[in-house]
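Each remark here refers to the structure printed beneath this line.
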Amino acid sequence: MPELPDLQVFGRNLNKKLSGKKVKKLTVKNRSKLKTPVAKLKKAIEDAKLKRIEREGKELYFYFSNGNVLSLHLMLHGKLSLFEKANKEKYTILEFLFDDDSGLALTDFQGKATPTLNPEEKNAPDALSKEAGQKFLKDQLAKKRTAIKAFLLDQHNIRGIGNAYADEILWEAGISPFSIANKIPDQKIKLLAKSIRSVLQKAEKQILKTHPGLISGEIRDFLKIHNSKQKKSPTGGAIHNKTLGSRITYYTDEQEVYK
DNA sequence: GTGCGTGTTAAACT
DNA sequence: CAGTTTAACACGCA
């Protein structure tokens with residue numbers, strides 16, 4: 001459910017609340033998405049001190065003082081929740097119990113949220129990383145014949161952009177989501193690179209302001225285009241919606257189509 | 001009651 | 001064959 005800016009806020013808040021604590025117990029209640037044997041995971045994490053938490057793409061990486069890293073991907077419906085002593089959530093995937101009897105649970109009614117021990121390094125750059133700039137986009141877009149929105153959503157290309165923010169970014173850049181990736185002119189690619197950063201960073205600030213302690217859910221009520229409550233863009237263009245790749249896409253005629 | 005929304009992947013398609 | 005597209009997952013929420 002959450003997208004990059006939400007996850008960025010979760011990471012900040014979890015850091016504040018949890019870093020420095022030692023894991024007393026790790027319990028796995030649903031191991032269907034876990035590729036590591038439970039015993040191995042417990043051995044890697046139990047008794048280790050949680051150093052820090054960082055967002056990577058759409059995942060949260062938990063770094064431990066013994067060098068191990070546990071990544072949590074919330075997928076569509078994963079939720080994090082803090083508890084004292086005992087976790088009472090339904091649909092729990094796994095739970096940490098720290099040495100002060102506080103705890104963190106990962107739950108998902110769909111069972112799709114995915115924990116990964118020591119994830120491999122990914123090739124695709126994070127959307128907010130330095131590498132994901134104009135030059136990178138120009139090189140990659142030249143190779144692709146898909147719609148630009150499909151490109152942005154594919155985590156093998158660039159990591160962290162989801163359905164809602166893809167629409168916001170493309171509106172900001174003045175590019176139609178239906179534009180073909182390798183038909184977009186250089187000066188628009190430059191705008192796209194800028195928009196990715198500015199839209200995501202502004203959203204993070206906004207969420208932090210209105211929901212300072214957030215560690216789960218998603219806040220999207222302030223979105224300008226991907227928002228069923230908005231009829232017009234800030235510059236007055238009527239907002240249309242259409243399905244693209246089995247997902248709803250909001251856009252206006254202010255965005256140029258390159259085909 | 002009813003339909004929409006969110007990310008990824010396996011499977012289908014071109 | 002390889003690149004691209006889609007349906008399915010199953011519930012909470014409005």
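Bear in mind that the values here come from a model prediction, so they are computed numbers and not experimental data. Below, all heavy atoms of this structure are taken into account, side chains as well, without hydrogens, waters or symmetry copies. Order of the sequence lines fixes the chain letters, A, B, ..., with proteins taken first and strands second; residue numbering starts at 1 for each chain.
For Gln155(A), the listed nucleotide lying nearest its side chain is dT8(B); candidates were dC11(C), dT8(B), dA10(C). Among the nucleotides dT8(B), dT5(C), dC11(C), the one closest to the side chain of His73(A) is dT8(B).
Phosphate contact (OP1/OP2 of dG5(B), side-chain N/O of Tyr250(A), threshold under 4.0 Å): present. Contact between the side-chain N/O atoms of His77(A) and the OP1/OP2 oxygens of dC9(C) is not found at any separation under 4.0 Å. Between Lys58(A) and dT8(B), a side-chain N or O to OP1/OP2 separation shorter than 4.0 Å is present.
His240(A) is linked by a ring pair (Phe, Tyr, Trp, His ring centres under 6.0 Å) to Tyr251(A), counting only residues two or more places apart in sequence or in another chain.
For the pair Thr107(A) and Glu89(A), the tightest heavy-atom approach, listed with the atom from each and the gap, is CG2-CB, 3.5 Å.
Of the charged side-chain nitrogens involved, at least one lies within less than 4.0 Å of a carboxylate oxygen, so that Lys135(A) and Asp139(A) count as a salt-bridged pair.
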Practice problem: Take Lys51(A) and Ser19(A) through the side chain to side chain donor-acceptor pair (under 3.5 Å) test and state the conclusion after the steps. | Solution: CA-CA 5 Å; Lys51(A) 267 205 323 207; Ser19(A) 60; over 6 Å; no
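There is no side-chain donor-acceptor pair under 3.5 Å between Glu56(A) and Ser71(A).
One atom, CG of Asp108(A), and another, C1' of dG5(B), lie 14 Å apart when rounded to the nearest Å. One atom, NZ of Lys143(A), and another, P of dA2(C), lie 16 Å apart when rounded to the nearest Å.
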Exercise. If a protein heavy atom is under 4.0 Å from the base, mark B; if only from the sugar-phosphate, S; if neither, -; do that for nucleotides 9-14 of chain B going 5' to 3'.
Key: ------
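Hydrophobic clustering of Ile, Leu, Val, Met, Phe, Trp and Tyr side chains at less than 4.5 Å, counting indirect connections, keeps Phe83(A) apart from Phe96(A).
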Quiz item: Dot-bracket, DNA chain C: Watson-Crick or G-U, under 3.5 angstrom, [ ] crossing, | other strand?
Solution: .||||||||.||||
